[in-house]
Amino acid sequence: MIVLEKRAEPSRLWAFLAPVVAIAAAGLTGAVLFALLGRDPLLAMWTYFIEPLTSAWSLEELAVKATPLALIGAGLALAYRANVWNIGAEGQLVMGAIAGSAIPILLPEWNDPLALFVMLALGLAGGAAWAAIPAFLKVRFNVNEILSSLMLVYVAQLFLDWLVRGPWRDPMGFNFPKSVSFTDWHVLPAISGRVHLGALLALLAVAGLWLLLRRARMGFALKVMGSAPRAGLFGGFSMAQACWISFLISGALAGLAGICEVSGSIGQLQPSISPGYGFTAIIVAFLGRLSPVGALFAALLLALTYLGGEAAQLALGLSAKVTQAFQGMLLFFVLAADVLVHYRLRLQRREAKS
Amino acid sequence: MNGLEAFLVTVIPAATPLLLAAVGELVVERAGVLNLGVEGMMATGAVCAFVVAHISGNPWLGVLAGALAGALISTPFAALTQKLAANQVATGLALALFGLGVAGLIGEAYVGQPGVRLPALNIPVLSALPFLGPVLFSHDVLVYASFVFTALVSWFLFRTRAGLMLRAVGVNHDAAHALGHPVVRIRVFAILFGGALAGLAGAHLSLAYTPQWVENMTAGRGWIALALVVFATWRPWRVLAGAYLFGTVWILGLHLQAAGIGLPSQLLSALPYLATVVALVIISRNRVLTLTNTPASLGKPFVPER
Amino acid sequence: MSINRRETLKLAAAAGLAAGTGLGLSSRVFAAEPLKVGFIYVGPVGDHGWSYQHDQGRQAIEKALGDKVKTSYLEKIPEGADAERALERLVRSGHKLIFATSFGYMDTVLKVARRHPDVFFEHATGYKRAKNVSTYSSRFYEGRYIIGRIAGKMSKKGLAGYIASFPIPEVIRGINSFLLGARSVNPDFRIKVIWVNTWYDPGKESDAAKVLISQGADIITQHTDSAAPMQVAEEKGVYAFGQASDMIKFGPHAQLTAIIDNWAPYYISRAKAVLEGTWKSTDTWGGLAAGMVKMAPYTNMPDDVKKMAMETEEAIRSGKLHPFHGPIRDQQGKLRVKEGEVLSDKDLLGMNWYVEGVDDKLPK
């Protein structure tokens, strides 16, 4: 029988090796699966994992897809460390996008560089404000934040739906549900190809959060509140503070991701602006072992599975369902391998009752 | 059929899948495990129930297949979280993805086929009663099963030794382990049970509520079920109340629209979610009640110290 | 492994010809590369509704043109950043004709098309075109007028329940056309509308159908994708109309007819145009006459109603009857179309007002 034995310190070696082992194992299983489906297994694996990394175009696309995931995932990592369960990032993303889009939609004439700054600031504020609701309900009424933040996702999405079908509809758009197209002044500048400034902001956010958790007193307090609340209380921090800080930061970053997505990639407001980035980012946060830097890598890995999945759909005629199932399986392997970071596996004979 | 009667008759099937899945998840969470994969398990249960009923022509076999499939698809989650101490939140989300993908694959050839309907059990005499008959006594077996499971789970958790053990594991797994309770085994059984009930919820969707299979037919009901467990502060009868409250507000929105009250439909669609939050505020103000019911070990991995 | 087999055949053919003529001709000269036709769908192919019907059209291209084409698709592509990547990917993998099958792809299609002037794009239900971007849509409202007339005859209470998805011109046009048809045979006909805010959620659609029936509707029509309302109608013993595909299997006693999305004729003709080098940017809005809208067999109705339905269908097909012929008044009683005139395509395209008698308010 295999038993787990906790390591005194997380293994640095396995922290790097675990994902590699996991991907290899998933690749092997996937190869068998694809072979059973009558596809060339080697070609399938190449298409899924390697092909997206072989052209400048798809590397750019990888960055585009990873940007919102990294932004939100890093923020959620911070919140989850403090034991604050914000799972409503999707709603905060939507509200950030709405708040930021107020400028191009309501003040389309405001065409100078400042407008873009204000948009980004409004995005941050919109996300933070929407996240403040579950924070307030938690602190004031002890309402479970998992539930309130999740319910507010649906409300935010319906609010966006109402806006683009009603008051914010493009008057020249034949009554179709979309806002006016943003002018060049309201579009995030591109760095390379489709990669926009948002990617840089994501890197900055990751670095900022890393510093915060590493160096700042507040970051330390958040970690302590998560692992040993009592010690945190002695240190002069309160649960309420941890809750507010976690929600405001993670919400603001989700809001920023929202406005970056709308202004950098879509160029207008429409009924659906995110294919569930706020939910996928939860996986990102945990895959990244609740560290902002880890979230960055996890975001890239997940983005790769999306791109690889599409490539496989075209090259091999595998449906999106296969790639979705494979994505789930890959995550299983990554999570299973992660156990090696904290535990040693030991083979042991079933011993007689001691 | 008068208005109230029609209203109630619509609420019950809408609430049933939520109730079934939520009661299953409640047992899982009471054992200290958070399985966020309900949506995936429900979809898998729905498609397997549909396919088996379609092939065999027997809806009862379909129900059985739904429950089995739900339990089966939860095994990777059980293995990863219980044997390998993997993170439960992430594994659960991966299960949701995996289950939806697998369900889509299995169902690929069955899209657009009419399903086998699970017959309504018209209970003799009782179903002929005016009002009460159609409202209470003319539903399919899974509707009654959802009530029976609620009662059984409530009885099991709070009236039996095994239930006490399960709750003890959920409150403090280290202490339960020290007392000699088989923590991992109990949790694995809880997870399989939760999977089976999510599968039954799916079977209700694809055999009774809307007897057909289309991809993503669960349409987010698994997430609502998860929310209901928290909403109910991990008490079975409150899950029932929650599922029916949600179903009622949901159907009410449709009724108000059909009556032409002229509010934006988005607002009416948002009502169930807003109502849940408001109800939660009212419930949660009683801190003691919430704290005493929350399984303290929820979501934390257990590895026996040796 | 159809791809590989085809490659092998081609090689064999090339070898054979080279041997026969003694010339090492490149395979391109005689066995032209098949035209690669790509599709992006907003939903899963398994929705049995909108995306499913487009995929039926894709398969029809393969069936009709055989080896001359090779089709592929990307499903579940969200409208936004992902759509641009999906289109770009289709272009980069050699697709020369690309169908983008949801309104929300509009600006993305134009953006990608500008970068690739040598690739032909087709955008469904949009209104922005370019040199290499065509638009196409179906006049589903023609079918809705017919089912409105049938409803007017078949409903005992003169009250239909209408399950609507989102208040966009397409759906509003459908509601109006349905009511105009119904009122042309029963001037007191009324409808009740429920907006379910989704294109497909079988559970919610079936709830909406039940609610409408409980509020007195004895005929159900839907502008959502799933067959759930049809099943409810069958169970409750009322009539209903199928949507997107023939749903008779779901309501053998309930379905009166269905409005079928039939993209095949258009898709085949566009692929042919590319093969023949005659593709031009066009704006196609085809209805019954073009075969893009088809009616399922008229069932479960008396012969005189059936006859009326067929005559209506024929009149619309031949252009004798336009569903939006004057006089038409809107909800406020304002005359929108004068006697003897018909509503222009431009007004139809952006329709955001209800005709007289609709018991619902539009979001402003």
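In the text below, chain A, chain B and the rest are named by the order of the sequence lines, each starting its count at 1. Side chains included, hydrogens not; waters and symmetry mates left out as well; all remaining heavy atoms used.
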> Are the side chain of C:N197 and the backbone N or O of B:S265 linked by a donor-acceptor pair below 3.5 Å?
Replying inline: yes
>> Under a 4.5 Å cutoff for heavy-atom pairs, which residue among C:M230, C:Q231, C:H48 has the most contacts with chain B?
In response: C:Q231
> What are the two closest non-hydrogen atoms of C:F250 and B:P114, and how far apart are they?
Replying inline: CE2-CA, 3.5 Å
> Which bit of C:L212 comes within less than 4.5 Å of chain B, counting heavy atoms only: side chain, backbone, both or neither?
Replying inline: side chain
> How close do C:K249 and B:G112 get, heavy atom to heavy atom, and via which atoms?
Replying inline: NZ-O, 3.8 Å
> When rounded to the nearest 0.5 angstrom, what distance separates CD in B:Q266 from CZ in C:F166?
Replying inline: 8.5 Å
>> I need the C:E75 CD to B:E215 CD distance, nearest 0.5 Å.
In response: 6.0 Å
> So, the side chain of C:Y200 versus the backbone of B:A219: is there a donor-acceptor pair under 3.5 Å, distance only?
Replying inline: no
> Roughly how far, to the nearest 0.5 Å, is NE2 of B:H255 from CD of C:Q215?
Replying inline: 6.0 Å
>> With rounding to the nearest 0.5 angstrom, report the CD1 to CD distance, C:I163 to B:Q257.
In response: 11.0 Å
>> Does C:S226 form a side chain to side chain contact (heavy atoms under 4.5 Å, CB included) with B:M217? I'd like the steps, not just the answer.
In response: CA-CA 10 Å; C:S226 94; B:M217 74 182 293; over 6 Å; no
> Roughly how far, to the nearest 0.5 Å, is the CH2 atom of B:W250 from the NZ atom of C:K204?
Replying inline: 4.5 Å
>> Counting only non-hydrogen atoms closer than 4.5 Å, does C:Y162 touch chain B with its backbone (N, CA, C, O), its side chain (CB onward), both, or neither?
In response: neither
> Could you give the distance from NZ (C:K210) to CG (B:L254), rounded to the nearest 0.5 Å?
Replying inline: 11.0 Å
> Among C:D225, C:D207, C:V45, which has the most heavy-atom pairs under 4.5 Å with chain B?
Replying inline: C:D207
>> Within the structure provided, determine whether B:R117 and C:E235 are in side-chain contact (heavy-atom separation under 4.5 Å).
In response: yes
>> Counting heavy-atom pairs closer than 4.5 Å to chain C, which one of B:G104, B:A258, B:A259, B:G107 comes out on top?
In response: B:A258
> Which atoms of B:P211 come close to chain C, meaning under 4.5 Å heavy atom to heavy atom: side chain ones, backbone ones, both, or neither?
Replying inline: both
> Listed by chain and number, what are the side chain to side chain contact (heavy atoms under 4.5 Å, CB included) partners of B:A21, not counting sequence neighbours?
Replying inline: B:V38, B:M42, B:A201, B:A225
> Given a strict heavy-atom distance threshold of 4.5 Å, which part of B:E108 is in contact with chain C: side chain, backbone, both, or neither?
Replying inline: neither
>> Tell me every residue that passes side chain to side chain contact (heavy atoms under 4.5 Å, CB included) with C:P78, counting only those two or more places apart in sequence or in another chain.
In response: A:P275, C:D82
